[in-house]
K.L.:
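Below is the structure I would like to discuss, written out as structure tokens.
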Amino acid sequence: MGREAARRFASRGETVALFDVNAQGMAETRGNLAGIHCWTVDMTDFAAVCAAVQDVEHKLGPIAGLYNCAAIMPFGKLLEQDNAIIHKQMAINYGGLVNITQAVLPGMLARGHGDFVSFASMAGIIPMLMTGGYTATKFAVTAFTETLYHEHLNSGIRFACVCPPAVATPLLQQGKDTAWPKMLDEAGPPIAPGTVIDAIEDCLDKGRFFVFPTRNAKIGAIMRRLFPGLIWKQVHQVEGF
Ligand SMILES: NC(=O)c1ccc[n+]([C@@H]2O[C@H](COP(=O)([O-])OP(=O)(O)OC[C@H]3O[C@@H](n4cnc5c(N)ncnc54)[C@H](O)[C@@H]3O)[C@@H](O)[C@H]2O)c1
């Protein structure tokens, strides 16, 4: 989804800085778009993130928009997942958000404008069986982003917390390679990355904080709030345990 957003912005003539551990992936994202610039950064390394942000602002100018997309998604039952993997996904999915926030947001606040887009997930709204480690990271992302938004109301920054259902990106393969809840197939085919980026832009324009890119995602969020027991009943039925 970061690739989709980056290429879209660069095609409109905007300058884009990518941070990723995957240099080859970033080169593919850049392709022939001269407006895309790449930094090989591990989002869990706060000093490296701060240094890269400084370098971006020095070379390209102040950061006007941030899309925090970095994540991993290994699945499995909580007692069967490797201890280090559970901690690693929290360090990337949640820790990376903490790091980029503290590196970028103070500058945006000082300038009084900017777009701050944080990728949570429907997994940050509805817990399921076999996704607990990942879901915990996304609940953390949702809580952090929601608090951040409320700590900076009327700051001039437009905040968005993005909660997509399954999206057709390489991330899904990580789930499939580890453990795959049947519930994720029940929800229908994965949506296109562009649908999510469209929904983000629409919500930013309308001043909506939570981005639910599909009608079913919106309904899921309401169901979770009103009838969590009903969702758990269905989850147990579908998974068969
Ligand atoms: N694909 C889905 O079904 C889905 C659904 C809901 C939410 N999301 C969330 O949306 C966001 C984008 O996901 P995506 O589907 O585009 O995934 P993706 O796997 O296509 O992209 C994630 C990127 O993060 C990078 N990354 C991983 N660890 C890193 C680290 N330590 N430092 C820097 N970069 C690192 C990867 O190299 C990869 O390029 C993620 O936060 C994900 O959790 C995805």
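Counting starts at 1 for both ligands and their atoms, following the listed order. All heavy atoms count here, side chains included; hydrogens, waters and symmetry mates do not.
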K.L.:
Between H236 (side chain only) and F241 (backbone N and O only), is there a donor and an acceptor less than 3.5 Å apart?
P.N.:
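Checked: pair present.
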K.L.:
Of all the non-hydrogen atoms in the protein, which one sits nearest to atom 17 (O) of ligand 1, and at what distance?
P.N.:
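The answer is L171 CB, 3.4 Å.
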K.L.:
Scan the protein's non-hydrogen atoms and note whether one is under 4.0 Å from atom 21 (O) of ligand 1.
P.N.:
no
K.L.:
Could you find the nearest protein heavy atom to atom 5 (C) of ligand 1 and give me its residue, atom name and distance?
P.N.:
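Protein heavy atom at minimum distance: P165 O, 3.2 Å.
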K.L.:
Tell me: protein heavy atom nearest atom 3 (O) of ligand 1, and distance?
P.N.:
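Looking at atom 3 (O) of ligand 1, the protein heavy atom closest to it is V167 N, 2.7 Å.
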K.L.:
For atom 44 (C) of ligand 1, what is the nearest protein heavy atom, given as residue, atom name and distance?
P.N.:
M1 CE, 3.4 Å
K.L.:
Taking a cutoff of less than 4.0 Å between a non-hydrogen atom of the residue and any ligand atom, is P170 in contact with ligand 1?
P.N.:
yes
K.L.:
Less than 4.5 Å apart, side chain to side chain, heavy atoms only: is that true for L148 and T101?
P.N.:
yes
K.L.:
Below 4.0 Å from any atom of ligand 1, is there a heavy atom belonging to P193?
P.N.:
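False for this residue.
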K.L.:
Counting from 1, what ligand 1 atoms have a heavy atom of N22 closer than 4.0 Å?
P.N.:
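Going through ligand 1 atom by atom, the ones under 4.0 Å from N22 are 37 (O).
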K.L.:
Please examine the side chains of P164 and P213, heavy atoms only from C-beta on, and report whether any two atoms are closer than 4.5 Å.
P.N.:
yes
K.L.:
Using a distance-only test with no angle check, is there a side-chain donor-acceptor pair under 3.5 angstrom linking D185 and W180?
P.N.:
yes
K.L.:
Regarding ligand 1, does M122 bring an N or O atom to under 3.5 Å of one of the ligand's N or O atoms?
P.N.:
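By distance alone, the answer is no.
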K.L.:
Looking at side-chain heavy atoms only, is the closest gap between R158 and D205 below 4.5 Å?
P.N.:
yes
K.L.:
Under 4.0 Å from any heavy atom of F119, which atoms of ligand 1 are there?
P.N.:
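Listed by number with element: 10 (O), 11 (C), 41 (O).
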K.L.:
Counting only heavy atoms, which portion of L172 has something under 4.0 Å from ligand 1: side chain, backbone, both, or neither?
P.N.:
side chain
K.L.:
Give the atom numbers and elements of ligand 1 that come within less than 4.0 Å of a heavy atom of A166.
P.N.:
3 (O)
K.L.:
Report the member of N93, D20, V21 with the shortest heavy-atom distance to atom 30 (C) of ligand 1.
P.N.:
V21
K.L.:
What protein heavy atom sits nearest atom 41 (O) of ligand 1, and how far away is it?
P.N.:
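The closest one turns out to be K138 NZ, 2.8 Å.
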K.L.:
Judged by atom type as modelled, is there a donor-acceptor pair below 3.5 Å linking the side chain of R30 to the main-chain atoms of C38?
P.N.:
no
K.L.:
So do the side chains of T145 and F209 get within less than 4.5 Å of each other, counting heavy atoms only?
P.N.:
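Of all side-chain heavy-atom pairs linking F209 with T145, at least one is under 4.5 Å.
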K.L.:
Nearest non-hydrogen contact with atom 32 (N) of ligand 1 belongs to which option: M73, M43, Q24?
P.N.:
M43
K.L.:
Relative to the heavy atoms of V41, which atoms of ligand 1 are at a distance of less than 4.0 Å?
P.N.:
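By the 4.0 Å cutoff, the relevant atoms are 32 (N), 33 (C).
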K.L.:
For N68 and ligand 1, answer yes if some heavy atom of the residue is under 4.0 Å from a ligand atom, otherwise no.
P.N.:
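No; N68 lies far enough from ligand 1 that no heavy-atom distance drops under 4.0 Å.
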K.L.:
Pick one of side chain, backbone, both or neither for how A168 approaches ligand 1, counting any non-hydrogen atom pair under 4.0 Å.
P.N.:
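Within the 4.0 Å criterion, A168 makes no contact with ligand 1.
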K.L.:
Of the listed options (A71, G124, A120, P164), which comes nearest to atom 9 (C) of ligand 1 when hydrogens are ignored and any heavy atom counts?
P.N.:
A120
K.L.:
With a heavy-atom distance limit of 4.0 Å, tell me whether R3 approaches ligand 1 through its side chain, its backbone, both, or neither.
P.N.:
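For R3, there is no contact with ligand 1 at all, from either part.
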K.L.:
With backbone taken as N, CA, C and O and side chain as the heavy atoms from C-beta onward, which portion of Y134 lies under 4.0 Å from ligand 1: side chain, backbone, both, or neither?
P.N.:
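Just the side chain.
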K.L.:
Side chains of V41 and V21: does their closest heavy-atom pair fall under 4.5 Å?
P.N.:
no
K.L.:
Compare T169, V196, I191 and give the one whose heavy atom is closest to atom 14 (P) of ligand 1.
P.N.:
T169
K.L.:
So, applying ring-ring contact (aromatic ring centres under 6.0 Å, His included) with F159, which one of F210, F116, F144 is it?
P.N.:
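So the option named by the test is F116.
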K.L.:
Do T44 and D42 meet the criterion of a side-chain donor-acceptor pair at a distance under 3.5 Å?
P.N.:
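There is such a pair (donor and acceptor under 3.5 Å, judged by atom type) between the side chains of T44 and D42.
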K.L.:
Which protein non-hydrogen atom lies closest to atom 40 (C) of ligand 1, naming both residue and atom, and how far is it?
P.N.:
C69 O, 3.1 Å
K.L.:
Answer yes or no for K138 and Y94: cation-pi contact, defined as NZ/CZ to six-membered ring centre under 6.0 Å and angle to ring axis within 45°.
P.N.:
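Verdict for Y94: no cation-pi partner in K138.
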K.L.:
Checking E14 against R8 for the salt bridge (charged side-chain N to carboxylate O under 4.0 Å, His left out) test, could you report, in this order, the C-alpha distance in whole Å, the side-chain angles of both residues, the deciding distance, and whether it holds?
P.N.:
CA-CA 9 Å; E14 292 178 33; R8 187 180 289 199; over 6 Å; no
K.L.:
Evaluate F9 against Y67 for ring pair (Phe, Tyr, Trp, His ring centres under 6.0 Å), listing each step before the verdict.
P.N.:
CA-CA 11 Å; F9 294 145; Y67 279 54; 5.3 Å; yes
K.L.:
Need the ligand 1 atom indices (1-based, order shown) with element for anything under 4.0 Å from a heavy-atom of D42.
P.N.:
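Heavy-atom distances to D42 below 4.0 Å select 30 (C), 31 (N), 32 (N).
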K.L.:
Heavy atom under 4.0 Å from ligand 1: found in I92's side chain, backbone, both, or neither?
P.N.:
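The side chain, only.
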K.L.:
Can a donor-acceptor pair be found between the side chains of Q89 and N93 at a distance below 3.5 Å?
P.N.:
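No, no side-chain donor-acceptor contact under 3.5 Å.
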K.L.:
Is a salt bridge present between K233 and E239, judged by a nitrogen-to-oxygen distance below 4.0 Å?
P.N.:
no
K.L.:
I72 versus ligand 1: do any nitrogen or oxygen atoms come within less than 3.5 Å of each other?
P.N.:
no
